[in-house]
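See structure below.
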Amino acid sequence: MGSSLRRRTFLQASGGTALTLGLLGVAAGPAAAAEGDGQEFAALRATWRDLVLGAGFSPTAEPFRTLLAELGRTARGHLSAMAPADGSLWPDAVWKDPEPDTDAESYGFSAMMNESLNRLSTLAQAWAQPGTGLTGDPAVLEAVLTGLQHVYARVYNENTTRYGNWWNWQIGGPQAFMDTCVLVHEHLTAERIAAYCRAVDHFVPDSVFDSYTGTSTGANRVDLCRSVILRSIVGDAPDRLARAVAALNPVFPYVTAGDGFYADGSFIQHRNVPYIGGYGSVLHDGIGRLMALLRASRWPVDSPDAQLFLDTVDNAIAPFVHNGLIMDNVSSRGISRAGTSDHTRAHGLLATIALVGQGASEQENARWRAMVKGWMQRDRFAPPLQNPKLSLVRAALLQSVLDDTSVTPAPEPVQHRLFHHMDRATHRRRGWCASVSMASKRIAHYEFGNGEHARGYHTGAGWLSWWGDDFGLEQYSDAYWPTVDPYRLPGITVSRKPLADGEGGNWGQPMPDAAWVGGTTDGEFGATGQHLIGLSSTMNARKSWFWLDDSVVCLGAGITSADGHAVETTVDNRALGTTGAPALTVDGRVQPATQGWRRTFEDAGWAHIEGHAGYVFPQGLKLTAVREERTGSWRDVNTGGPATPLTRRYLTLCTDHGTDPADADYAYVLLPGASAATTALRAADRGRVRILANTGDRQGVRVPRLGLTAVNFWAAGTVGPLTADAPASVLVREHRDGTATVVVSDPARRAASLEITWAKRVSAVLSKPATVTAATTGATLKLAFGDLTRAAGAPQKVRVRLG
C-alpha cells in the first residue's frame with residue numbers, strides 16, 4: 001500500500017494539561033529544525049492526512065466498512081458525471097456567473113465552485129482510503145489531478161475577482177482545495193503546487209488577520225486561519241504558517257460584546273445570534289484539528305488563554321447536548337437544512353470533544369469521554385455510528401470511546417443554566433430536560449440569510465423545547481421545520497398576523513426593543529422572564545418560566561395587541577411522525593384520535609398526551625386541541641432544499657387570547673413524562689405550586705416543599721414575602737440546614753441601585769458578592785445592591801443563616 005494510504009493510530013496524551021501536549025498519536029516534543037522545513041512539512045501533511053481520513057480503524061469492521069463503501073459509491077457517481085467545460089467541472093455545478101456580483105444568484109454560482117472542490121476532495125478520499133472500491137485507482141487519481149487544474153485555470157486563481165458569497169472563496173473553497181492537495185501531494189508538480197498556493201494567497205491574504213472584526217471573528221477567524229495553515233503546509237511556507245497560528249490568539253479570550261464565547265457559556269456569531277450548535281461547533285472542530293496538527297511542530301497553538309477554550313466544553317457545549325442531540329435553539333439557520341437534524345449536528349461535535357479531550361488534563365479528558373459515551377448510548381433515536389454521513393475520522397474517534405472499557409457513561413446532570421448573554425436557559429433533570437429561546441434588544445428574533453431559515457421568525461418568542469430521557473428525542477428531527485405551523489411552536493405567544501418568508505430581510509437579524517429578558521438561578525432551579533415584543537407586530541406580553549424539580553410553571557400576562565389578528569399561546573405542539581396517534585385526555589376524558597379533529601374546552605383543568613407529558617391549568621384555561629396532518633417541503637424554509645412534499649402529524653394544545661387582546665393572561669404547568677394519573681393528582685393538589693402573582697407588573701410562585709419562592713418583578717412592588725424597589729428577578733431557596741440562598745439579577749441591565757426585602761427572620765449573612773453594598777438582618781432581610789448595569793444580567797448570589 002502506498003504512502004498515501006498509511007495511517008497513524010490515535011494515542012492518548014500522557015499526563016499533560018496544555019493543549020500542546022497532544023491530540024493525535026504523533027511523537028511528543030518539537031520537531032528537529034535541523035532536519036529542515038521539507039521534512040517537517042511532510043510530517044505535517046501526513047498528520048493532516050490522518051485528520052482528514054481517520055486512523056486506527058479496521059476497514060472491514062462496522063461501521064467503517066459501510067462508511068467506506070458509501071464513500072466509494074458517492075465517488076463513483078462523481079467520477080462518472082465529471083465533464084470539464086468552460087464554466088464547470090460537472091454539468092450540475094456551473095460556477096460561471098454571467099453577471100458576477102454579490103446578489104443571491106451570484107451566491108449560487110460561487111457555491112457551485114465550492115461544491116466542485118468538495119467533490120474533488122471526495123474523489124481524493126475514495127482514492128486514498130482502503131475499502132472504497134476505488135483505492136489507489138489510477139483513473140480516480142487522474143480525475144482529481146485534472147479537476148484541480150481545471151478549477152484553478154478557469155475560476156479559482158490569482159487573476160479572478162471573487163463574486164457571490166465571500167465564504168466560498170476564503171473558507172469553503174480553499175479548505176477543500178488544500179485538503180485534496182494534501183492527499184495527492186506526491187503527485188503534484190512543484191509548478192502546480194506554487195500556482196494553487198498563489199490562488200489561496202490571492203483570496204485569503206494576510207490582511208484578513210489585520211483586525212478582529214467583521215467576517216474575521218469567532219468561527220470565521222478559525223476557518224480563515226485553517227485555510228492559510230493548510231496552504232502553508234501544502235506549499236512549505238513557514239512564515240505564513242506562523243502568522244496564521246498567531247492570528248488564532250484573539251479567539252480564545254472571553255468577550256463581553258460581539259462574536260465569541262462569553263464567561264457565562266454563551267456563544268454569539270453574526271453579532272447577535274446564539275450559535276453554539278453551528279458556528280460554535282465549527283470553531284471547536286477547527287481549533288481541535290489545528291491543535292492536533294501543530295502540537296509537535298515548531299508552531300504549536302499555545303495561547304495563554306487556551307484553557308478558556310477547554311472550559312467551553314463544560315460551560316458552553318454540554319448544557320445544550322441531551323442524549324446525543326444538540327438543541328435547535330442554538331443552531332439558527334442550520335435547523336432549516338435538509339438531511340440534517342439536531343442529532344446529526346451533534347454527532348460531529350461529540351467526536352470533536354473526544355479529539356480535544358486528548359489534549360486536555362487527564363481529569364477533563366476522562367469526564368468528557370464519560371459524557372460522550374453516555375450521550376451516544378442514550379441516543380436511541382439516531383445512534384451516531386449509524387449516521388451514514390458521519391466522516392470516517394469522526395466515526396473512529398467515537399468508536400474508540402465506545403470501545404474503551406475504562407469509561408463509565410455519565411448520566412445527564414441535575415442542573416439549571418442561565419445564558420444571560422444570549423437569552424437562553426437550560427433546565428436538566430434526570431428524566432428530562434428543557435430549554436427556552438428568547439429575543440431582546442441584544443439578541444435577534446432569528447437569522448435569515450442565504451435563503452435559509454425563512455420561517456424561523458417566532459423561534460425567539462419564548463419557544464420552550466423539551467425532551468424526555470428515553471422519549472421525545474425525535475420531536476425536532478423528523479421533518480419538523482418544513483411541516484410545523486411556524487406560528488405554533490411550543491411555548492410561544494404570537495400574533496397570527498401573516499409574516500413574509502424571511503421577515504426582517506436578508507441578514508436583517510431583527511431585534512425587539514425589549515430590555516428585560518433573562519432571569520436568575522441557584523444552579524438547580526431557576527426563574528426566567530421575557531418582555532416579549534412580536535416581530536413586525538404590536539403584540540406585547542410578559543412571559544415567565546419557573547423551573548422546578550418535576551415541572552415548569554409557565555405564566556403569561558399583559559398580553560396586548562392591535563394587529564387586527566388573533567393572538568395565541570401554544571401550550572405544546574407534539575410532532576407525531578407519519579402515523580402517531582397518542583391518546584389525549586382532558587379532565588379525565590379521552591378525546592377522539594381522528595385526524596382533523598379539533599375541539600375547544602372552555603375551562604380545562606388539565607390535559608395529558610400519552611407517552612409525552614401532562615399539563616395542569618391552575619386557574620383554568622380555554623384550551624383548543626387540534627390533531628392535524630401538515631404538508632410542506634424543505635424548500636419552503638430553505639431555498640437550497642428539495643421540493644419533495646412531506647406530511648407529518650401534530651397534536652397541538654393552544655389557547656386563543658382573541659383578536660387584539662388587552663391584558664390577557666395564561667398559566668400552565670408542564671410535567672414532562674408524567675402519567676395521566678399523576679397529572680390528575682397534580683391538578684387536584686392546589687397547594688403544591690402556588691401562583692403568587694401573574695400580572696404585567698409581577699409574576700411569581702411559591703413551592704413550599706422545595707422551600708422556593710421566585711418572582712419576576714417587571715416593576716417595583718411586593719409579591720408574597722418579597723419586595724423589590726426596581727425591576728428584578730429574585731429567587732429564594734430555604735435549605736434544611738437552616739440556611740437560605742437569595743439570588744438576584746437585573747435582566748434589563750438598568751439598575752443603578754436595587755433594594756430587595758425578604759420578610760423572613762435572618763440572623764446572619766454568610767456570603768455576598770461585591771455588588772451588595774449593605775445588608776440588614778433581623779425580622780426581615782434587606783439587601784442593597786449598587787450599580788448592576790455592568791453585571792449584564794448575571795445572577796448575584798447571597799447566602800444567609802435563618803433564625
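None of the values given here were measured: they were computed from a predicted structure.
- The minimum heavy-atom distance between T180 and S121, with the atom names listed, is OG1-CA, 3.1 Å.
- F267 and Y275 have their aromatic ring centers separated by at least 6.0 angstrom.
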Taking only distance into account, with no hydrogens and no angle test, what donor-acceptor pairs under 3.5 Å do side-chain atoms of residues 241-255 form with protein atoms, sequence neighbours excluded?
unit_1 : atom_1 : unit_2 : atom_2 : d
R243   : NH2    : D210   : OD1    : 3.3
N249   : ND2    : A246   : O      : 3.3
Y254   : OH     : L308   : O      : 3.1

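- Y196 and F177 have their aromatic ring centers within a separation under 6.0 angstrom.
- Counted by atom type alone, E62 and Q399 present zero donor-acceptor pairs between their side chains at under 3.5 Å.
- Expressed to the nearest 0.5 Å, how far CD1 of I276 lies from CE of M422 amounts to 7.0 Å.
- What you find for L183 and A124 is that their closest heavy atoms are CD1-CB, 3.8 Å.
- Taking the centre of each ring, F203 and Y156 come in below the 6.0 Å mark.
- D302 has no carboxylate O lying under 4.0 Å from a charged side-chain N of R295, or vice versa, which leaves the two without a salt bridge.
- Judged by distance alone, the side chain of S297 and the main-chain N or O of L294 form a donor-acceptor pair under 3.5 Å.
- At a threshold of 4.5 Å between non-hydrogen side-chain atoms, the residues H187 and V144 do not count as touching.
- A donor-acceptor pair under 3.5 Å is absent between the side-chain atoms of S216 and the main chain of Y212, judged by distance alone.
- Summarising the geometry of A395 relative to L385, their closest heavy-atom pair is O-CD2, 3.7 Å, with the distance given to 0.1 Å.
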Requested in this report: Show your working on side chain to side chain contact (heavy atoms under 4.5 Å, CB included) between L390 and L398 and close with a plain yes or no.
Outcome: CA-CA 10 Å; L390 190 66; L398 293 180; 4.1 Å; yes
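- A search for salt bridge (Lys or Arg N to Asp or Glu O under 4.0 Å) contacts involving E452 returns R333, R337, not counting sequence neighbours.
- For the pair M371/D314, a side-chain contact is recorded, criterion being any heavy-atom separation below 4.5 Å from C-beta on.
- Q129 and T132 form no side-chain donor-acceptor contact under 3.5 Å, judged by distance and modelled atom types alone.
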Requested in this report: Report the C-alpha distance between M112 and S88 in whole Å, list the side-chain angles of each, state the deciding distance to 0.1 Å, and finish with yes or no for side chain to side chain contact (heavy atoms under 4.5 Å, CB included).
Outcome: CA-CA 8 Å; M112 290 302 98; S88 66; over 6 Å; no
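- Of the charged side-chain nitrogens involved, at least one lies within less than 4.0 Å of a carboxylate oxygen, so that D236 and R45 count as a salt-bridged pair.
- Listed for the D342 side chain is no donor-acceptor partner under 3.5 Å among the backbone atoms of M327.
- Between the side chains of T60 and R65, no donor N or O sits under 3.5 Å from an acceptor N or O.
- With rounding to the nearest 0.5 angstrom, the NE2 atom of H202 is 9.0 Å from the CZ atom of R162.
- The side-chain heavy atoms of Y107 and W167, taken from C-beta on, include no pair separated by under 4.5 Å.
- For the pair V282/V222, no side-chain contact is recorded, criterion being any heavy-atom separation below 4.5 Å from C-beta on.
- Judged by distance alone, with hydrogens and angles left aside, the side-chain atoms of N168 form no donor-acceptor pair with the main-chain N or O of N114 at under 3.5 Å.
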Requested in this report: Test R240 against S232 for side-chain hydrogen bond (donor to acceptor under 3.5 Å, both in side chains), laying out the working first.
Outcome: CA-CA 6 Å; R240 289 221 74 197; S232 300; 5.4 Å; no
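- Using a 4.5 Å heavy-atom cutoff, the side chains of L397 and F57 are not in contact.
- When all heavy atoms of Q269 and G218 are compared, the pair lying nearest together is OE1-CA, 3.8 Å.
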Report task. Applying side chain to side chain contact (heavy atoms under 4.5 Å, CB included), run through Q307 and E364 and close with a yes or a no. Result -> CA-CA 11 Å; Q307 184 60 45; E364 286 170 319; 2.9 Å; yes
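- Cation-pi geometry between R154 and W95 is not met at under 6.0 angstrom from the ring centre and within 45 degrees of the axis.
- Atoms NZ and CG, on K373 and L402 in that order, are 6.5 Å from each other to the nearest 0.5 Å.
- A side chain to side chain contact (heavy atoms under 4.5 Å, CB included) with N323 is found for exactly one of Q377, H343, E412, namely E412.
- Of all heavy-atom pairs spanning V204 and P174, the tightest one is CG2-CG, 4.2 Å.
- If you look at W375 and H347, their ring centroids are not closer than 6.0 Å.
- A pairwise comparison of heavy atoms in V184 and L141 identifies CG1-CD1, 3.8 Å as the closest pair.
- The shortest distance between side-chain heavy atoms of F320 and I326 falls below 4.5 Å.
- Between the side chains of Q175 and D179, no donor-acceptor pair of N or O atoms lies under 3.5 Å.
- Relative orientation of the W90 and H78 rings is perpendicular, given thresholds of 30° and 60° on the angle between their planes.
- How far CD of Q358 is from CZ of R369: 6.5 Å, rounded to the nearest 0.5 Å.
- Contact annotation: the side chain of R345 approaches that of S331 to within less than 4.5 Å [non-hydrogen atoms, C-beta and beyond].
- Side-chain atoms of T344 never come within 3.5 Å of backbone atoms of T340 as a donor-acceptor pair (strictly under, hydrogens ignored).
- Distance check, rounded to the nearest 0.5 Å: CG of D206 to CG of L224 gives 11.5 Å.
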Report task. For T66 and E70, run side-chain hydrogen bond (donor to acceptor under 3.5 Å, both in side chains): C-alpha distance rounded to whole Å, both residues' side-chain angles, the deciding distance at 0.1 Å, then the answer. Result -> CA-CA 6 Å; T66 296; E70 180 58 32; over 6 Å; no
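- Using bins of under 30°, 30° to 60° and over 60° for the plane-to-plane angle, the ring pair W169/Y163 lands in the perpendicular bin.
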Anything under 3.5 Å between a donor and an acceptor, one on a side chain of residues 349-357, the other on a protein residue two or more places apart or in another chain? List them.
unit_1 : atom_1 : unit_2 : atom_2 : d
T352   : OG1    : D285   : OD1    : 3.3
T352   : OG1    : G348   : O      : 3.1

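- The side-chain heavy atoms of P238 and F41, taken from C-beta on, include a pair separated by under 4.5 Å.
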Report task. Tell me, with the steps shown, if S477 and F381 meet side chain to side chain contact (heavy atoms under 4.5 Å, CB included). Result -> CA-CA 9 Å; S477 302; F381 175 74; 3.4 Å; yes
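- A distance of 4.0 Å separates CZ in R192 from CD in Q149, rounded to the nearest 0.5 Å.
- For the residue pair T312/H284, the side-chain donor-acceptor check at 3.5 Å is satisfied.
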